[in-house]
> 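Shown below is the structure under consideration.
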Amino acid sequence: MRRSAMLLVSLALGLCVQTASAKVTESDFGKTKAGVEVKKFELTNKNGMKVRLSSRGAALIGVDVPDRDGKVADVVFGFDDVAGYESDANDYFGCTTGRYANRIAKAKFTLDGKEYKLAANNGVNHLHGGKTESLDKVVWTGVPFEKDGVSGVKFSYTSPDGQEGYPGKQDMTVTFTLNDKNELKIDYSAKSDKPTVINLTNHAYFNLGGAGSPTINDHVLKLNADNYTPVDDTLITTGEKAPVEGTPLDFRTPTAIGKRVDELTKTSALGYDHNFVINRGDAGEGELVEAAKLVDPKSGRTLTVITDQPGIQFYGGNFLKGNKGKGGKTYGHRSACCLETQVFPDSPNKQGLEGWTDCVLRPGDEYKHSCIYAFGVEK
Ligand code: BGC
């Protein structure tokens, strides 16, 4: 076949596989204070579920899903414009978090005998990748795609060697894909030209009654975890694993978040802010396991979190201060929760500790992480 004819045939085939249901649009979201253009993407599936993403922070900024009566609500926190995301009211809403999500003790770690100092942006500790150039604050390049009945955006960003104190030039991609089963899949990958540490996650705040509903305490949570990783009073993991049995952290049977939360109010976490050790059974590396299921009994909306990671941080929004977000809605204390899939917190300072997680990425290796947020309804 002549090349031009082949091109026509493959174009025609391409149009055929592109179902009408999977759609992605791209628009201008505005500019950062520094004048960098930010793009907004909207994915739609055949059920009409919509997911919005921003190139600043490769962030999940909207998820419209129906309740049991078909009434649609946006269930994640965010802002109407880039300025909102750049303001102090933004508590990592929906962002890709890193280069190391969660805390690193005393804002330092040693790798191959060399000490690296990071920003102490959470008391004496380091949190979520640093102060000014953490992954939530930089603008990624987003490329939209539609194929085989799904739509998505592949974001990429290269973090230079030494950015926020982390060693190695790190090339990263984060791909969001929406299918017709109302599943939003997030695939992370990264490579580094020097040994480094890595822990990427997504920091979406969910309230399945609709973001801006007053509380998350009425949601029912199930966590597939027999153990959690206890913390000291600066929220740094002690290196132990402890059973959830007999504690307010036992969510192996679905339980309302508010039922026992007050037992934790006097702890430094002020409520739920714990990393759970996902029961992975015989699942091998890269195999997906159900880690959590969140149900809003009022609306019937459900969210199941499925991942190949060893840990999940369940953060119950204790530090939210009632700032205003999208459409002027108030995001108050404990009005949403994050379910962040990841390695165990402070792994850079626990290298070699038995039973702990590995977070070291070496040249030639590839970091991979997948997480599915699957939305549904219960009658
Ligand atoms: C942490 C909280 C922290 C919050 C900041 C969560 O991932 O577990 O301790 O306050 O992020 O948004």
Side-chain angles (χ1 to χ4, degrees), residues 57 59-61 76-79 84-105 107 118-132 134-137 164 186 188 198-207 211 216 221 223 225 228-238 249 251 257 261 264-278 291-292 294 305 307 309 311-323 325 331-347 357 359 369 371 373:
L60 178 58
I61 60 169
V76 299
F77 278 14
F79 298 96
Y85 282 94
E86 288 194 299
S87 73
D88 288 344
N90 184 9
D91 214 353
Y92 300 92
F93 291 173
C95 67
T96 294
T97 320
R99 293 169 49 165
Y100 191 93
N102 218 316
R103 290 177 176 78
I104 297 181
L118 307 166
N121 58 340
N122 190 249
V124 294
N125 300 322
H126 177 80
L127 177 70
H128 295 334
K131 258 185 185 151
T132 51
S134 48
L135 299 182
D136 55 295
K137 297 179 186 71
E164 284 289 353
I186 312 176
Y188 305 83
I198 184 166
N199 185 31
L200 306 182
T201 193
N202 183 274
H203 209 282
Y205 288 73
F206 297 100
N207 184 314
I216 197 68
L221 180 67
L223 287 173
Y228 73 106
T229 54
V231 289
D232 66 15
D233 54 12
T234 70
L235 298 182
I236 292 295
T237 46
T238 59
L249 305 179
F251 282 94
I257 292 174
V261 68
L264 299 168
T265 302
K266 292 211 174 87
T267 65
S268 42
L270 307 182
Y272 288 110
D273 196 358
H274 299 78
N275 172 73
F276 291 79
V277 180
I278 299 167
L294 185 67
V305 184
T307 187
Q309 292 296 287
I312 185 165
Q313 182 85 9
F314 163 45
Y315 168 54
N318 309 302
F319 300 112
L320 292 168
K321 294 177 199 71
N323 288 313
Y331 297 155
H333 177 62
R334 294 183 185 161
S335 67
C337 72
C338 303
L339 292 161
E340 313 157 35
T341 57
Q342 56 188 278
V343 295
F344 302 162
D346 197 34
S347 289
T357 47
C359 63
H369 167 176
C371 170
Y373 288 132

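Ligands are counted one by one from 1 in listed order, and the atoms in each one are counted from 1 as well. Values below: every heavy atom of this structure, side chains too, minus hydrogens, waters and symmetry copies. Along the sequence shown, residues carry numbers from 1.
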> Any chance the rings of Tyr85 and Phe93 have centres within less than 6.0 Å?
no
> Considering only heavy atoms of Glu340, which atoms of ligand 1 have at least one such atom less than 4.0 Å away?
6 (C), 7 (O)
> Please could you name the atoms of ligand 1 that Tyr205 approaches to less than 4.0 Å, counting only its heavy atoms?
12 (O)
> Identify which of Asn90, Asp91, Asp136 has a heavy atom lying nearest to atom 5 (C) of ligand 1.
Asp91
> Thr229 and side-chain hydrogen bond (donor to acceptor under 3.5 Å, both in side chains): which partner among Thr237, Thr238, Asn275, Asp346?
Asn275
> At a non-hydrogen distance cut-off of under 4.0 Å, which region of Tyr272 contacts ligand 1 (side chain, backbone, both, or neither)?
neither
> Out of Arg103, His203, Gln313, Gln342, who is nearest to atom 6 (C) of ligand 1 when you count heavy atoms only?
His203
> Over all heavy atoms of both residues, which pair between Ala107 and Ala119 is shortest? Give the atoms and the distance, please.
CB-O, 3.7 Å
> For ligand 1, which atoms, with element, lie under 4.0 Å from some heavy atom of Tyr92?
5 (C), 12 (O)
> Tell me, please, which residues at least two apart from Asp88 pass side chain to side chain contact (heavy atoms under 4.5 Å, CB included).
none
> Heavy-atom contacts with Asp273 under 4.0 Å: which atoms of ligand 1 show up? List them by number with element.
1 (C), 2 (C), 8 (O), 9 (O)
> Between Tyr315 and Tyr92, is the ring centroid distance below 6.0 Å?
no
